[in-house]
Amino acid sequence: MKLLLQGGQVVSGAGVAPMDVLISGETIEAVGPDLSCPDAQVVDVSGKLLFPGFIDAHTHFDLDVCNTTTADDFATGTRAALRGGTTTVIDFACPNKGETLQYGLQLWHRKADGKSSCDYGFHMTIDDWNEGICQEIPEMLQAGIPTFKMYMTYPAMMIGDRDLFLALEELGKYGAFAGVHCENSGVIDALIAQKKAAGETGPASHPATRPNALEAEAVGSLLRMAQVAQVPVMIVHLSTHEALEEVRAARQRGQTVYVETCPQYLLLDRSLYEHPDYSQAARFICAPPLREQADREALWAALADGTIQTVSTDHCSFTLAQKDAGKGDFTQIPGGLPGVESRGILLWSEGVARGRIDAARMCALLSETPARLYGAYPQKGVIAPGSDADIVVLDPDAPGLLTAADQAANVDYCPYEGLETHGRIEQVYLRGQLAVENGEICIGPVGKYVHRTLSK
Ligand code: MN
């Protein structure tokens with residue numbers, strides 16, 4: 001079966017051009033002006049923008065944290081993803097300390113296989129370093145996992161400088177790299193103890209115990225270790241203007257550094273934690289925490305000028321009832337926000353429609369660069385002959401509204417509740433199948449595992 005998307009504007013990381021797109025089965029057969037194909041079903045997309053399906057390279061579905069499990073699993077999380085134009089997610093497989101990477105990989109396949117409605121891959125978390133795990137790295141590459149994750153904070157997952165360094169070095173031998181959560185763990189612990197001793201146990205203490213400087217300190221420390229290891233590295237969910245300065249300094253030294261941020265750091269700020277109602281404040285708890293207006297402005301500028309390479313979500317959702325676990329102790333609030341459903345339209349409406357970035361840059365941040373960096377290009381990330389027919393049809397002017405009442409994510413709040421968007425996602429195609437039409441999900445759990453290769 002062939003489909004001809006006619007009259008739209010095709011977006012790539014390089015620009016926007018009027019092009020028709022011919023889809024044959026699961027892949028794109030041709031892209032060009034005034035295509036015709038007598039046996040194709042014609043879909044009129046005039047006046048619409050066609051983006052390559054968005055890739056969210058930072059999700060946590062079906063993850064056990066804080067004595068609970070994220071509200072979204074692969075079934076609900078990938079449906080939410082599709083509604084937001086995300087046709088591929090890369091989730092973090094997360095073996096516990098003492099378990100093998102292979103165990104973590106099989107566990108994540110059991111969570112995702114047969115349940116996912118969009119395509120998916122996994123990064124592998126390294127929270128231990130020993131001879132066995134070192135030997136598993138090539139197996140992971142063979143299994144389609146060229147990217148890894150390490151934590152500089154969280155006792156359950158943090159790996160320590162020696163092992164972080166050794167792992168970075170080993171990954172570098174293969175041309176693989178890791179994304180790293182950068183916050184100074186020890187000083188955060190000290191600040192938390194001080195807040196608790198002072199009886200300040202509400203959500204407002206959360207950002208105070210994780211100040212900007214402690215992200216910048218950890219980013220600087222990681223980048224110096226990467227300098228010695230002589231390897232590239234990715235800073236995930238970067239949130240502060242101080243950390244951007246560390247990145248720029250490392251690049252000045254000649255290092256290769258990739259940076260990801262998330263919509264919550266672009267659009268929300270720490271004043272939300274001051275709300276007198278516990279639930280209103282607790283729903284925004286995440287780490288790193290929401291920051292200041294000045295950080296938001298610095299992050300938008302860094303998206304526009306190329307300092308930041310990707311925008312992912314760190315989707316890690318909990319219901320308001322789950323967030324209640326931290327009443328009386330802010331450190332017990334499960335940390336994380338939903339985001340996989342709203343990222344695309346937020347970047348369009350708050351980014352492109354407001355003139356902060358252009359459509360090509362949005363495509364680079366959400367589709368093309370993640371596909372390249374994470375080794376899924378050109379299968380994903382581009383509208384070109386031979387690529388998977390993952391396409392987002394976006395009406396640039398239709399009004400939309402973000403609200404919890406209209407979301408597929410299994411969570412009873414929306415961090416952007418009531419936000420009116422300029423622009424709306426009208427259709428989403430996953431490998432040639434109409435997956436979403438005007439907000440309705442039209443497919444079942446047909447998502448496939450994406451076997452990734454080293455980045456190119
Ligand atoms: Mn995360």
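In each ligand, atom 1 is the first atom listed, and ligand 1 is the first ligand listed.
- Looking at Glu368 and Arg372, a side-chain N of the basic residue comes within less than 4.0 Å of a carboxylate O on the acidic one, giving a salt bridge.
- By the 4.0 Å N-to-carboxylate-O rule, Lys196 lies close enough to Asp329 to be salt-bridged with it.
- Protein N/O/S atoms closer than 2.8 Å to the Mn ion (ligand 1): His58 NE2, His60 NE2, Asp314 OD1.
- Using a cutoff of 4.0 Å between basic side-chain nitrogens and carboxylate oxygens, Lys448 and Asp113 are not scored as salt-bridged.
- Salt bridge annotation for Asp388-Lys380: present, with a cationic side-chain nitrogen under 4.0 angstrom from a carboxylate oxygen.
- A salt bridge is absent between Arg431 and Asp390: the closest approach of a Lys/Arg side-chain nitrogen to an acidic carboxylate oxygen does not fall below 4.0 angstrom.
- Taking the charged nitrogens against the carboxylate oxygens, Glu246 and Arg248 have no contact shorter than 4.0 Å, which rules out a salt bridge.
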